[in-house]
Visitor: 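Before I ask anything, let me first share the structure, which is written out below as structure tokens.
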Amino acid sequence: MRTGELGPAQRAEALAAMAERELDVLVVGGGVVGAGTALDAVTRGLSTGLVEARDWASGTSSRSSKLIHGGLRYLEMLDFALVREALKERGLLLERLAPHLVKPVPFLYPLQHHGWERLYAGSGVALYDGMSMARGHGRGLPAHRHLTRGHALRVAPALRKDALVGALQYYDAQMDDARFVATLVRTAASYGAKVANRARVTGFLREGERVVGARVQDVEAGGEYEIHAKQVVNATGVWTDDTQAMVGERGQFHVRASKGIHLVVPKDRIHSSTGLILRTEKSVLFVIPWGRHWIIGTTDTGWDLDKAHPAASSADIDYLLEHVNSVLAVPLTRDDVEGVYAGLRPLLAGESDATSKLSREHTVAHPVPGLVVVAGGKYTTYRVMAKDAVDAAVHGLDLRVAECVTEDVPLLGAEGYRALWNARARIAARTGLHVARVEHLLNRYGSMAEELFELIAGDPSLGEPLHAADDYLRAEIVYAASHEGARHLDDVLTRRTRISIETFDRGTRSAREAAELVAPVLGWDKDHIEREIQHYEKRVEAERESQRQPDDLTADAARLGAPDIVPL
């Protein structure tokens with residue numbers, strides 16, 4: 001079984017190896033597109049490196065709505081090509097590439113008008129399902145159905161009776177976006193890609209006008225590496241313009257950041273067996289099932305402040321509560337909100353008519369020899385973006401390179417997942433874990449859960465849940481550092497787990513236990529443990545303070561009150 005272990009030793013070895021000999025492709029940016037690009041390149045037989053300035057998925061790719069979807073609202077915009085492409089990718093992920101990570105999720109669309117709205121919306125949902133089936137990748141989801149008001153209220157009793165006259169129910173899919181990216185990175189590493197997080201590009205290497213690599217700073221241990229590559233791919237999302245500025249070339253397009261915020265509330269606050277999709281004056285609002293929680297989002301506002309830590313203001317939170325409360329029989333209050341997170345969408349802003357229309361579509365450019373830029377797009381279509389980026393890079397290589405194969409390359413944990421799922425009761429008996437715990441691990445790690453079972457067998461205390469976040473086992477915290485590339489407490493509580501948004505204390509009560517669990521893996525002494533805990537607590541307090549501010553400017557200033565990384 002491939003493992004793609006990403007512990008401290010593997011990171012150090014990867015940085016040294018990348019600096020030792022010229023790569024075919026160096027990918028800059030460890031979000032979903034960068035990770036997907038590294039996997040695409042390495043599975044074509046290219047020597048591949050991937051560097052990320054902070055943590056894997058620490059930007060946009062850990063702060064999405066957690067949906068893998070075709071984009072039902074894009075049908076209304078008549079963007080059939082984008083929807084068709086996304087539906088194909090949704091099917092591939094559900095059925096073949098990541099069935100352990102991507103799961104079906106039902107949504108209820110309340111109808112507010114008799115007659116015409118059911119015909120109009122019903123036709124759109126029927127077309128959505130039809131397009132999915134036509135691509136041969138729609139069998140994993142139930143078909144949509146029409147509901148009377150009475151039936152809809154039985155499915156979602158939380159809805160006000162006067163908020164609907166009937167409803168439609170359809171299915172899309174969801175995943176843990178940060179976990180998905182970490183698994184993509186590990187999969188690329190398992191095929192031979194050299195990967196390092198906390199490795200910041202400080203400049204590009206040039207030979208005349210040609211880009212021949214990058215200078216990379218090791219943010220953790222200090223020191224700088226020169227990494228040479230025949231082609232460099234800039235996949236830095238909302239940081240695309242900043243990365244391009246290092247080359248000194250004006251791009252063919254610009255990337256504009258749009259902020260979207262989400263609220264997390266406990267499952268018992270909204271009585272429903274299905275997610276909800278609500279129309280707003282600007283777009284749509286989702287209420288998404290998320291384990292023992294709901295995710296409510298999102299907003300869509302321009303953002304030109306700090307990209308690393310977009311802040312949610314009090315006005316953002318009020319906007320979401322106001323819109324979701326318009327249909328709920330028992331309104332939500334601020335006291336119901338467990339977690340809040342804000343992310344930035346990378347939207348294309350063109351300088352000509354040819355690119356100004358792109359918005360949620362993606363584009364690939366070759367601004368100077370040796371450098372490829374990929375930007376825009378949506379999470380669901382990351383694999384297509386990665387393919388297009390590598391195709392462009394291949395044009396600059398003096399090699400015969402194979403075609404993209406990622407349509408047939410399952411992510412780590414997918415192979416054998418369904419067999420293990422069928423055997424979960426037997427696994428529970430063998431490991432001594434409750435079957436619910438086994439299901440939890442299988443749906444987060446797939447067949448890689450066997451590595452966690454081995455950790456627990458070696459130290460039974462790791463089979464116990466965290467005291468203040470009992471959805472997660474202690475083994476998962478250790479595994480985050482030993483196998484998944486977590487370097488700091490923030491990485492563990494915010495991205496390898498979701499404790500930072502799934503508990504009312506935002507993870508502060510779990511911080512010490514988690515820090516002490518990863519300390520032996522990461523070589524922390526007592527002083528370092530204390531610094532990690534203090535840093536995490538300051539980050540949480542800065543976020544809370546930002547969410548009390550009235551607008552973006554004051555919220556941003558409050559969020560910047562916490563330092564970005566733990567001081568050495």
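What you see is a predicted model; the values in this text were computed from it and never measured. Both backbone and side-chain heavy atoms feed into the values below; hydrogens, waters and symmetry mates do not.
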Visitor: Closer than 4.0 angstrom, basic N to acidic O: yes or no for Arg200 and Glu52?
Guide: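 Salt bridge between Arg200 and Glu52, a charged N being under 4.0 Å from a carboxylate O: no.
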Visitor: Once the angle between the rings of His528 and Trp524 is folded into 0 to 90°, is it parallel (under 30°), tilted (30 to 60°) or perpendicular (over 60°)?
Guide: parallel
Visitor: Using side-chain heavy atoms (C-beta onward) and a distance below 4.5 Å, is Val51 in contact with Met18?
Guide: yes
Visitor: Of all the heavy-atom pairs spanning Leu442 and Ala449, show the shortest one and how long it is.
Guide: CD2-CB, 4.1 Å
Visitor: Assess the residue pair Thr298 and Ser65 against the criterion (side chain to side chain donor-acceptor pair (under 3.5 Å)); give the C-alpha distance rounded to whole Å, side-chain angles, the decisive distance to 0.1 Å, and a yes or no.
Guide: CA-CA 7 Å; Thr298 180; Ser65 297; 5.1 Å; no
Visitor: Of all residues at least two apart in sequence or in a different chain, which pass the side chain to side chain donor-acceptor pair (under 3.5 Å) check with Glu476?
Guide: His440, Arg444, Tyr445
Visitor: With side chain to side chain donor-acceptor pair (under 3.5 Å) as the test, would you mind laying out the steps for Glu224 and Thr202 before giving the verdict?
Guide: CA-CA 9 Å; Glu224 192 168 80; Thr202 58; 3.1 Å; yes
Visitor: Within a strict 4.5 Å, meaning less than it, do heavy atoms of the Asp218 and Leu15 side chains meet?
Guide: yes
Visitor: Any ion pair linking Asp490 and Arg539 (charged N to carboxylate O, less than 4.0 Å)?
Guide: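 Looking at Asp490 together with Arg539, the answer is yes, because their closest N to O distance falls below 4.0 Å.
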Visitor: Can you find a side-chain donor-acceptor pair between Arg383 and Thr406 that sits under 3.5 Å?
Guide: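 Side chains of Arg383 and Thr406: pair found under 3.5 Å.
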Visitor: Does any N or O in the side chain of Gln10 come within less than 3.5 Å of the main-chain N or O of Gly7, such that one atom is a donor and the other an acceptor?
Guide: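 Yes, the answer is positive, given that a donor and an acceptor are paired below the 3.5 Å cut-off.
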Visitor: If you look at every heavy atom in Ala414 and Pro99, which pair is closest and at what distance?
Guide: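 Smallest interatomic distance, heavy atoms only, reads CB-CD, 3.8 Å.
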Visitor: Pair Glu89, Tyr379 - check side chain to side chain donor-acceptor pair (under 3.5 Å), show working.
Guide: CA-CA 10 Å; Glu89 295 303 312; Tyr379 200 111; over 6 Å; no
Visitor: Does some side-chain heavy atom of Trp239 sit less than 4.5 Å from a side-chain heavy atom of Asn234?
Guide: no
Visitor: List the steps, then state whether salt bridge (Lys or Arg N to Asp or Glu O under 4.0 Å) holds for Arg44 with Glu403.
Guide: CA-CA 7 Å; Arg44 296 196 200 196; Glu403 293 293 317; 5.3 Å; no
Visitor: Quick one: closest heavy-atom pair of Ala511 and Leu493, and the distance?
Guide: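 Distance-wise, the nearest heavy atoms are CA-CD1, 4.0 Å.
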Visitor: Can you find a heavy atom in the side chain of Val232 that is under 4.5 Å from one in the side chain of Val28?
Guide: yes
Visitor: Sequence neighbours excluded, which residues qualify as side-chain contact (heavy atoms from CB on, under 4.5 Å) partners of Ala486?
Guide: Ala480, Asp491, Val492, Arg496
Visitor: Is the closest side-chain donor-acceptor distance between Glu220 and His488 under 3.5 Å?
Guide: yes
Visitor: Please report the shortest heavy-atom distance between Gln231 and Leu397, naming the atom on each side.
Guide: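 Closest pair (atom of Gln231, atom of Leu397, distance): CG-CD2, 3.8 Å.
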Visitor: Would you please name every residue forming a side-chain contact (heavy atoms from CB on, under 4.5 Å) with Asp24, sequence neighbours left out?
Guide: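 For Asp24, the residues satisfying side-chain contact (heavy atoms from CB on, under 4.5 Å) (neighbours in sequence not counted) are Leu46, Ser47, Lys230, Leu399.
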Visitor: For Asp241, what residues pass the side-chain contact (heavy atoms from CB on, under 4.5 Å) criterion, not counting sequence neighbours?
Guide: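 Applying side-chain contact (heavy atoms from CB on, under 4.5 Å) to Asp241 gives His254, Val255.
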Visitor: So does Leu344 get a backbone contact from the side chain of Thr60, meaning a donor-acceptor N/O pair under 3.5 Å?
Guide: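 Yes; at least one donor-acceptor contact below 3.5 Å.
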Visitor: Backbone N or O of Lys66 within a donor-acceptor pair of the Ser64 side chain at under 3.5 Å?
Guide: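 Between the backbone of Lys66 and the side chain of Ser64 there is a qualifying donor-acceptor contact (under 3.5 Å).
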Visitor: Run the numbers on Tyr128 and Asp172 for side chain to side chain donor-acceptor pair (under 3.5 Å), then give the verdict.
Guide: CA-CA 10 Å; Tyr128 194 65; Asp172 255 319; 2.9 Å; yes
Visitor: When rounded to the nearest 0.5 angstrom, what is the spacing between CG in Leu72 and CG in Leu67?
Guide: 11.5 Å
Visitor: I need the Arg256 CZ to Leu347 CG distance, nearest 0.5 Å.
Guide: 5.0 Å
Visitor: Does this structure show an ion pair linking Arg495 with Asp55, if we count only N-O contacts that are shorter than 4.0 Å?
Guide: yes
Visitor: With no hydrogens and no angle check, is any side-chain donor or acceptor of Gln174 less than 3.5 Å from a backbone partner on Pro289?
Guide: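 Present.
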Visitor: Between CG of Asp40 and CG of Asp391, what distance do you get to the nearest 0.5 Å?
Guide: 7.0 Å
Visitor: Using modelled atom types and a 3.5 Å cut-off, is there a donor and acceptor pairing between side-chain atoms of Asp242 and backbone atoms of Gln244?
Guide: no
Visitor: Mind checking side-chain contact (heavy atoms from CB on, under 4.5 Å) for Thr301 and listing every partner two or more places apart, or none if nothing turns up?
Guide: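 Here the qualifying residues are Lys259.
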Visitor: Kindly indicate whether the side chain of Glu543, heavy atoms from C-beta on, has any atom under 4.5 Å from the side chain of Val340.
Guide: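 A side-chain contact is absent here, since even the closest heavy-atom pair is not under 4.5 Å.
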Visitor: Using the test side chain to side chain donor-acceptor pair (under 3.5 Å), find all partners of His100 that sit at least two apart in sequence or belong to another chain.
Guide: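 Once residues adjacent in sequence are excluded, His100 has no partner under the side chain to side chain donor-acceptor pair (under 3.5 Å) criterion.
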Visitor: Please report the closest heavy-atom contact between Val247 and Arg206, naming both atoms and the distance.
Guide: O-NH1, 2.9 Å
Visitor: Can you tell me how far apart OG (Ser62) and CD1 (Ile501) are? Round to the nearest 0.5 Å.
Guide: 9.0 Å
Visitor: Calculate, to the nearest 0.5 Å, the distance between atoms OG and CE belonging to Ser190 and Met448 respectively.
Guide: 8.0 Å
Visitor: So, Lys307 side chain and Trp303 main chain: donor-acceptor pair closer than 3.5 Å or not?
Guide: no
Visitor: Could you tell me if the side chain of Leu50 sits less than 4.5 Å from the side chain of Lys194, heavy atoms only?
Guide: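 SC-SC contact between Lys194 and Leu50 ruled out.
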Visitor: Do you see a donor-acceptor pair shorter than 3.5 Å between the side chains of His362 and Thr381?
Guide: no
Visitor: What I'd like to find out is whether the side chain of His366 reaches to under 4.5 Å of the side chain of Val373, using heavy atoms alone.
Guide: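 No, every pair of side-chain atoms sits at 4.5 Å or beyond.
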Visitor: Could you go step by step and tell me if Lys88 and Glu407 meet the salt bridge (Lys or Arg N to Asp or Glu O under 4.0 Å) rule?
Guide: CA-CA 10 Å; Lys88 176 190 173 182; Glu407 195 169 312; 3.2 Å; yes
Visitor: Just by distance, with hydrogens left out, do Trp56 and Glu484 show a side-chain donor and acceptor under 3.5 Å apart?
Guide: no
Visitor: Is there a donor-acceptor contact under 3.5 Å linking the side chains of Ser132 and Arg90?
Guide: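 Note: Ser132 and Arg90 side chains meet the donor-acceptor criterion.
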Visitor: Any donor and acceptor pair, going by atom type alone, linking the side chain of Thr48 with main-chain N or O of Ala193 inside 3.5 Å?
Guide: no
Visitor: Look only at the side chain of Thr299 and the backbone of Ile261, and say whether a donor-acceptor pair between them is shorter than 3.5 Å.
Guide: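 Here the side-chain-to-backbone pair exists.
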Visitor: With a 4.5 Å cut-off on side-chain heavy atoms, are Val102 and Phe180 touching?
Guide: yes
Visitor: Using the side chain to side chain contact (heavy atoms under 4.5 Å, CB included) rule, take Lys378 and Leu82 through it: C-alpha gap first, then chi angles, then the decisive distance, then the call.
Guide: CA-CA 10 Å; Lys378 56 203 292 281; Leu82 180 62; 4.2 Å; yes
Visitor: Salt-bridge test for Arg498 and Asp177: reply yes if a basic N is under 4.0 Å from a carboxylate O, no otherwise.
Guide: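 Looking at Arg498 and Asp177, the cut-off is met.
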Visitor: State, to 0.1 Å, how close His69 and Ala86 come at their nearest heavy-atom pair, and which atoms those are.
Guide: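 Taking every non-hydrogen atom into account, O-CB, 3.6 Å.
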Visitor: Hey, what do you get for CG (Leu466) to CD1 (Ile499), rounding to the nearest 0.5 Å?
Guide: 5.0 Å
Visitor: Say whether, by atom type as modelled, one donor and one acceptor occur between the side chain of Glu532 and the main chain of Leu489 under 3.5 angstrom.
Guide: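 It does hold such a pair.
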Visitor: Could you tell me whether a side-chain N or O of Arg506 sits under 3.5 Å from a main-chain N or O of Val540, the two making a donor and an acceptor?
Guide: no
